[in-house]
There are 4 protein chains.
Amino acid sequence: MVDKPAPDATRRSEKSRRAIYAAALALVGEVGYPKTTVEGIAARAGVGKQTIYRWWSSKADVLLEAFLDLSRQAAREAGQEPYAVPDTGDLAADLRTVLRITVDQLLDPRFEVPSRALAAEGLVNEQLGREFVTTLLEPQLQLYVARLRSAQDAGHVRHDVDPRIALELFVSPLAQRWLQRTGPITYAYTDTLVDYALHGIAPR
Amino acid sequence: MVDKPAPDATRRSEKSRRAIYAAALALVGEVGYPKTTVEGIAARAGVGKQTIYRWWSSKADVLLEAFLDLSRQAAREAGQEPYAVPDTGDLAADLRTVLRITVDQLLDPRFEVPSRALAAEGLVNEQLGREFVTTLLEPQLQLYVARLRSAQDAGHVRHDVDPRIALELFVSPLAQRWLQRTGPITYAYTDTLVDYALHGIAPR
Amino acid sequence: MVDKPAPDATRRSEKSRRAIYAAALALVGEVGYPKTTVEGIAARAGVGKQTIYRWWSSKADVLLEAFLDLSRQAAREAGQEPYAVPDTGDLAADLRTVLRITVDQLLDPRFEVPSRALAAEGLVNEQLGREFVTTLLEPQLQLYVARLRSAQDAGHVRHDVDPRIALELFVSPLAQRWLQRTGPITYAYTDTLVDYALHGIAPR
Amino acid sequence: MVDKPAPDATRRSEKSRRAIYAAALALVGEVGYPKTTVEGIAARAGVGKQTIYRWWSSKADVLLEAFLDLSRQAAREAGQEPYAVPDTGDLAADLRTVLRITVDQLLDPRFEVPSRALAAEGLVNEQLGREFVTTLLEPQLQLYVARLRSAQDAGHVRHDVDPRIALELFVSPLAQRWLQRTGPITYAYTDTLVDYALHGIAPR
DNA sequence: AGTTAATCGAGACGGTACGTCGAGTCTTCCA
DNA sequence: TGGAAGACTCGACGTACCGTCTCGATTAACT
């Protein structure tokens with residue numbers, strides 16, 4: 001992603017690539033994003049700086065790919081259906097389930113530091129931000145879209161509702177609490193979000 | 001805020017403080033947050049670097065105060081009731097109104113760059129993040145809490161609803177679209193959010 | 001010396017002056033000349049920086065006066081005839097005596113650091129150098145001139161010899177060894193200098 | 001000399017080294033030693049500051065090497081026998097000759113400022129001072145030692161005279177006049193020194 | 001003895017340079 | 001020729017002092 005133009009990718013060292021991913025994730029976890037440096041990654045990976053700059057454009061770019069790689073790996077380990085929203089017919093239950101899994105992930109320190117770092121960089125660095133959203137965030141959100149459409153077909157969601165907007169009612173609050181630390185993140189909280197989102201807050 | 005311990009604040013130069021705020025905001029607007037440097041702020045403000053480091057601990061800290069100052073000033077100019085959520089008795093209309101105003105603000109480039117920069121820094125820098133939330137974000141959210149409570153009293157919102165959570169149904173989606181650029185920001189969008197949040201997405 | 005023009009010397013604080021001298025000498029002795037700062041002197045003397053800049057033009061200037069003051073005090077303590085070259089009629093013996101005293105002084109750490117510092121500064125700072133030579137060095141050398149003239153009158157030194165040059169034969173070598181550390185400084189060494197200077201190195 | 005420990009000298013940029021020497025000497029000549037800064041040298045040489053700090057420990061260290069380099073170059077240009085004291089059999093004449101040459105050098109502004117600066121720094125900075133004496137001063141003095149020994153063999157100097165001390169009779173006075181500006185420097189003066197040193201000031 | 005004006009301690013100010021760190025480029029040598 | 005190593009230029013960092021400039025609070029000379 002965001003590769004420099006020239007170099008011949010067929011001769012690329014797989015070993016170096018892996019070492020760089022590992023070093024980048026380890027460093028971000030240990031010293032945090034701002035204190036992670038390209039120099040540090042290179043040293044830790046036993047790699048020349050040029051080898052990093054040859055294949056990536058910046059520290060953010062390295063980390064984005066490293067994190068993508070990590071996600072793919074995690075998905076592969078977790079089984080064939082990566083992060084699909086379950087569809088038992090009970091929309092509320094399904095959403096509660098998947099949001100609880102999301103809560104677990106958000107609180108897993110293995111993911112927290114790098115993804116928070118990427119998100120932060122994405123706010124300010126528009127190019128990276130769009131990359132992040134397109135590659136990581138939106139595909140996940142589309143799973144909710146699919147589930148909501150299925151619910152619409154089943155008559156459990158109003159037909160005039162835009163699923164892409166509807167999903168934000170429960171996803172965005174969770175995202176904001178996590179990103180900006182505006183409140184605690186618990187199962188009770190996400191359950192409540194699902195309830196409010198499905199039935200509204202006005203008296204029925 | 002976040003001052004160094006020692007220096008005598010009574011002897012502080014008001015002129016320098018103002019010049020530093022102005023320079024910081026101007027630079028962030030012109031070259032973006034990452035290319036804004038303490039050195040640059042000092043030079044632009046006609047001030048010694050030490051005068052910045054004497055009173056603030058980092059560029060993020062300067063910018064936070066500068067932005068706070070800007071907000072206070074804007075509030076003062078805008079009249080006596082800064083950002084109060086209106087209360088006409090029609091909750092939906094009131095929320096639509098205030099969210100439309102928020103949309104205008106989010107798209108005002110005068111505010112966009114610095115507040116996005118602060119938000120980004122706050123993600124990664126926990127101390128600053130909490131400061132940002134406590135000082136800027138939460139006070140605004142409490143205005144929604146107040147409005148929702150009033151609506152509960154009027155019977156327009158269910159009594160078992162937690163207003164602090166409820167407000168996230170329409171505020172957080174807007175925040176996420178703005179911060180992470182996950183979608184367009186329009187009046188139609190916020191109107192829709194209000195509708196979904198009040199009545200839910202399930203059939204009534 | 002080298003005073004600023006304006007201030008009213010009659011109202012000057014004697015206590016501050018003494019404290020500044022003491023602080024300057026102490027600091028030069030403790031941390032060396034380059035690490036001695038005006039700020040440090042002021043702090044140690046319990047004095048405002050301006051009080052230093054009001055009366056002296058630089059750290060070198062402070063130190064020069066402090067050292068002059070120290071010398072005067074030492075002379076006063078040492079008796080009424082400060083540093084006169086003795087005149088017993090035996091020129092060689094008298095020179096040996098006075099040079100041995102000089103050796104003792106040069107090796108006294110109380111004098112060594114500040115006078116070496118002043119000499120060094122004087123090399124590079126022409127104005128201070130001339131001040132140093134005029135006020136401290138030359139008056140001492142004139143004592144040798146006087147003694148050599150007396151020796152000429154007694155027929156112990158050739159009449160066509162210029163005493164101001166002649167004295168350098170034994171004074172300058174000692175000065176150079178001390179300043180530039182080009183060799184050890186001992187009584188034997190100065191005795192030898194006197195011998196060579198009086199009788200030459202060519203066979204008689 | 002006085003290098004930092006780590007860096008690989010074989011990969012050092014010769015071009016940068018030369019540029020730094022030239023810039024250092026030029027700046028010392030133009031603005032004097034105290035106003036010469038590492039930053040200024042780097043800028044003038046078109047070099048990063050780090051490249052200076054990588055190979056030298058201080059501005060004095062840079063200047064010492066630059067001056068050494070200049071001296072070596074001057075020697076190379078001046079022919080194969082750099083600064084040898086001539087030996088025509090007439091000691092007095094030979095000394096007068098070589099001291100007159102020294103006078104010329106001391107008054108040559110190309111050498112004066114940097115060597116005075118180095119000498120001054122050497123007074124206060126013991127490590128540099130010893131380096132200066134060992135590398136530059138003492139080798140020159142040894143040429144006098146050799147000439148004096150030859151004169152002793154020829155019976156023109158007493159056999160019990162220590163040549164290392166004897167040479168100071170005419171070298172040190174000249175050095176002191178130059179360093180401390182205690183008097184004018186002329187051919188007549190050095191001629192007189194040679195006369196006094198060889199035959200003493202006492203009546204023969 | 002009271003008034004008054006300068007000096008005093010204190011320290012914030014605009015600056016300059018320090019010595020360090022990391023970015024991103026370039027060069028050399030190895031496999 | 002890709003990769004490791006690392007020296008290079010550049011620019012910003014945060015610190016230390018510079019010399020100047022207020023600020024009350026003494027304090028000493030003159031009403």
Side-chain angles (χ1 to χ4, degrees), chain A residues 4 6-13 15-17 19 34-43 45-59, chain B residues 6-13 15-16 19 34-43 45-55 57-59, chain C residues 6-13 15-16 19 35-43 45-55 57-59, chain D residues 6-13 15-16 34-40 42-43 45-55 57-59:
Chain A
K4 285 281 183 64
D8 177 355
T10 67
R11 308 198 44 179
R12 183 167 181 183
S13 161
K15 206 176 67 177
S16 295
R17 218 196 67 227
K35 290 200 168 179
T36 297
T37 66
V38 172
E39 219 145 56
I41 295 171
V47 139
K49 274 205 285 180
Q50 197 54 42
T51 301
I52 296 187
Y53 284 110
R54 206 185 331 267
W55 302 108
W56 294 277
S57 65
S58 67
K59 135 173 108 157
Chain B
D8 178 352
T10 68
R11 309 192 45 187
R12 184 168 181 181
S13 161
K15 207 175 66 174
S16 295
K35 291 199 169 179
T36 297
T37 65
V38 174
E39 218 148 57
I41 295 171
V47 139
K49 270 202 286 181
Q50 200 56 51
T51 299
I52 296 187
Y53 285 111
R54 195 170 3 250
W55 303 108
S57 63
S58 66
K59 125 177 117 157
Chain C
D8 178 355
T10 66
R11 310 199 44 177
R12 183 168 181 182
S13 161
K15 206 175 67 175
S16 295
K35 291 200 168 178
T36 298
T37 65
V38 173
E39 220 146 55
I41 295 171
V47 139
K49 275 203 286 180
Q50 195 62 266
T51 302
I52 295 186
Y53 284 109
R54 200 176 350 254
W55 302 108
S57 64
S58 66
K59 132 175 111 157
Chain D
D8 178 352
T10 68
R11 310 193 43 186
R12 185 167 179 183
S13 161
K15 206 175 68 174
S16 294
K35 291 201 168 177
T36 297
T37 65
V38 173
E39 218 147 56
V47 139
K49 269 202 286 182
Q50 200 56 51
T51 299
I52 296 187
Y53 285 111
R54 191 166 10 245
W55 303 109
S57 63
S58 67
K59 126 177 117 158

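All of these numbers come straight from a predicted model, not from anything done at the bench. Labels below follow one simple rule: chain letters A, B, ... track the order of the sequence lines, proteins then strands, and each chain is numbered from 1.
Proximity of C:R54 to the phosphate of E:dC8: a side-chain N or O atom is located under 4.0 Å from OP1 or OP2. Checking the phosphate oxygens (OP1, OP2) of E:dG14, a side-chain nitrogen or oxygen of B:T51 falls inside 4.0 Å. OP1 or OP2 of E:dC8 lies within a sub-4.0 Å distance of a side-chain N or O belonging to C:W55.
Heavy-atom distances to DNA chain E give each of D:S58 and B:S16 a nearest nucleotide, and the one nearer the 5′ end belongs to B:S16.
With hydrogens and angles ignored, a donor-acceptor pair closer than 3.5 Å exists between the side chain of D:R11 and the base of E:dT27.
To the nearest angstrom, C1' of F:dG2 lies 13 Å from NZ of A:K15. A:W56 has its CH2 atom 15 Å from the P atom of E:dG24, to the nearest Å. To the nearest angstrom, C1' of E:dG19 lies 12 Å from CD1 of D:I52. Remark: C1' of E:dA5 and CG of C:D8 are 10 Å apart, rounded to the nearest angstrom. When rounded to the nearest whole Å, the span between CZ of A:R17 and P of F:dG3 equals 12 Å.
Side chains of D:Y53 and D:V38 form a contact here, defined as non-hydrogen atoms less than 4.5 Å apart.
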If you restrict it to nitrogen or oxygen atoms, what contacts under 3.5 Å exist between nucleotides 11-13 of chain F and the protein, and what is each distance?
| from | atom 1 | to | atom 2 | distance (Å) |
| --- | --- | --- | --- | --- |
| F:dC13 | OP1 | B:V38 | N | 3.0 |
| F:dC13 | OP2 | B:V38 | N | 3.3 |
| F:dC13 | OP2 | B:E39 | N | 2.9 |

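A distance of 10.0 Å separates CD in D:Q50 from CD1 in D:I52, rounded to the nearest 0.5 Å. The CG atom of C:D8 lies 11.0 Å from the CZ atom of C:R54; values are rounded to the nearest 0.5 Å.
With a 6.0 Å cutoff to the six-membered ring centre and a 45° limit on the axis angle, A:R17 does not count as a cation-pi contact of A:W55.
Across C:A19 and C:A45, no two heavy atoms sit closer than the pair O-CB, 3.6 Å. Nearest heavy-atom pair, B:P34 versus B:K59, reported as atom, atom and distance to 0.1 Å: O-NZ, 3.6 Å.
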